[in-house]
Amino acid sequence: MPFSIATWNINSVRLRLPLVERLLREHAPDVLCLQETKCPNDQFPEKAFRALGYDHIALHGQKGYHGVATISRVPFEDIVRQDFCAVGDARHLSTRLVAGDRRIRIHNLYVPAGGDEPDPAINPKFRHKLDFVEELRLMNAEAEPGVSALLVGDLNIAPLEADVWSHKQLLKVVSHTPVETEGLLRAQGEGNWTDMMRRHVPEGELFTWWSYRNRDWTVSNRGRRLDHVWGSHDLAPQLETVEVLSAARSWDRPSDHVPVIARFADTPG
DNA sequence: ATGGTTGTTGTACAA
């Protein structure tokens, strides 16, 4: 059985429920990982997802800020919520499910944005972001024997030069500073993760986010790749496609992030 | 160099 997963920073799941429904109707991923739901668990619009065949819903929400949700057609075997940096933020949600002859652990993550000033000595939000990425180094794709792994979400860092519209102009801008990009790539390597988006599109610009602070995002195309799909190495040969739904940036009242969908083939034999 | 927009909440703050 093939397997597909979508990740999307939705920036309020209640406000943009029609957009999420459109994504599920038109692209029908097996699993959808949402970030920035900004929705307490008891107010999550579960009915709308069940109506579309997504009966299995794992939540880690909080009022007003952050919040992640994992929505699935297939049941979860296990659900874990990790409190990164022990500050009580709802920024991580881990689920495990069966897809064909595989078991897959899925980490859904929302890394702190980090504020505007890229100096941890004077900006506590940036300090928090760097600490969060440090903790991410401990998240290993091979942590569970016999279980494949995916790590998706808004990591709020664009690690490669081609992940931003101007490498030079963003070197001192939070999301693309060397301390962040090096930290993220270190976490990726130490955790035995494959960057599935770059496996599919090794070179050239690849963006998933365009600021609201440009009236028309298509004119200057000043994007960044803040959203990611990482997988355990065993899943890499199974990867068929990664699709960045850039068109969603122009949907009615859009999120500033667009969905990313990865599709995997069945294990041969 | 600066300011630009959006969502939630409350008349500020985070992104």
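Protein chains get the first letters and strands the later ones, always in sequence-line order, with residue 1 at the start of each. When reading the values below, keep in mind they use all heavy atoms of this one structure, side chains included, and skip hydrogens, waters and symmetry mates.
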B:dA15 to B:dG4 separation - C1' atoms, rounded to the nearest Å
14 Å
Have a look at A:Arg91 and say if it touches a base, only the backbone sugar-phosphate, or nothing, with a 4.0 Å heavy-atom cut-off.
sugar-phosphate
Distance, nearest 0.5 Å, that separates CZ of A:Phe49 from NE2 of A:His56:
14.5 Å
Using the C1' atoms only, state how far B:dA14 lies from B:dG10, rounded to an integer number of Å.
14 Å
Does A:Glu203 have more than 12 heavy atoms from other residues, nucleotides or ligands lying within 6.0 Å of its CD?
no
Report the secondary structure of DNA chain B in dot-bracket form, marking unpaired bases with a dot and bases paired to a different strand with |, and treating Watson-Crick or G-U pairs with both distances under 3.5 Å as paired.
....((((...))))
For side chain to side chain contact (heavy atoms under 4.5 Å, CB included), just list the numbers for A:Leu184 and A:Leu136, CA-CA rounded to whole Å, side-chain angles, deciding distance to a tenth of an Å, and then say yes or no.
CA-CA 8 Å; A:Leu184 191 70; A:Leu136 195 60; 4.1 Å; yes
A:Arg222 vs A:Arg16, nearer the 5' end of DNA chain B by closest nucleotide
A:Arg222
Indicate, with a heavy-atom threshold strictly under 4.0 Å, whether A:His257 touches base, sugar-phosphate, or nothing.
nothing
What residues, two or more places apart in sequence or in another chain, satisfy salt bridge (charged side-chain N to carboxylate O under 4.0 Å, His left out) together with A:Asp163?
A:Arg198, A:Arg225
Who pairs with A:Glu240 by side chain to side chain donor-acceptor pair (under 3.5 Å), at least two apart in sequence or on another chain?
none
Residues in side chain to side chain donor-acceptor pair (under 3.5 Å) with A:Asn140, at least two apart?
A:Asn192
Spacing of the P atoms in B:dT2 and B:dT6 (rounded, Å):
23 Å
Take atom CG in A:Asp216; do more than 12 heavy atoms of anything else shown fall under 6.0 Å from it?
yes
Pairs under 3.5 angstrom only: tabulate donor-acceptor contacts from the side chains of residues 145-155 of chain A to other protein residues two or more places apart or in another chain.
{"residue": "A:Ser148", "atom": "OG", "partner": "A:Arg102", "partner atom": "NH1", "Å": "3.0"}
{"residue": "A:Ser148", "atom": "OG", "partner": "A:Asp234", "partner atom": "OD2", "Å": "2.5"}
{"residue": "A:Asp154", "atom": "OD1", "partner": "A:Asn156", "partner atom": "N", "Å": "2.9"}
{"residue": "A:Asp154", "atom": "OD2", "partner": "A:Asn9", "partner atom": "ND2", "Å": "2.9"}

Spacing of the P atoms in B:dT9 and B:dT5 (rounded, Å):
22 Å
In whole Å, measure the gap between the P atoms of B:dG3 and B:dG7 for me.
22 Å
Specify whether A:His92 and A:Phe84 have parallel, tilted or perpendicular ring planes, treating 30° as the upper limit for parallel and 60° as the lower limit for perpendicular.
tilted
Heavy atoms of chain A, cut-off under 4.0 Å: which first and last nucleotide of DNA chain B, 5' to 3', fall inside that, if you could look?
B:dG4 to B:dA15
Would you mind telling me which residue lines up with the more 5' stretch of DNA chain B, A:Pro254 or A:Tyr110, judged by nearest nucleotide?
A:Pro254
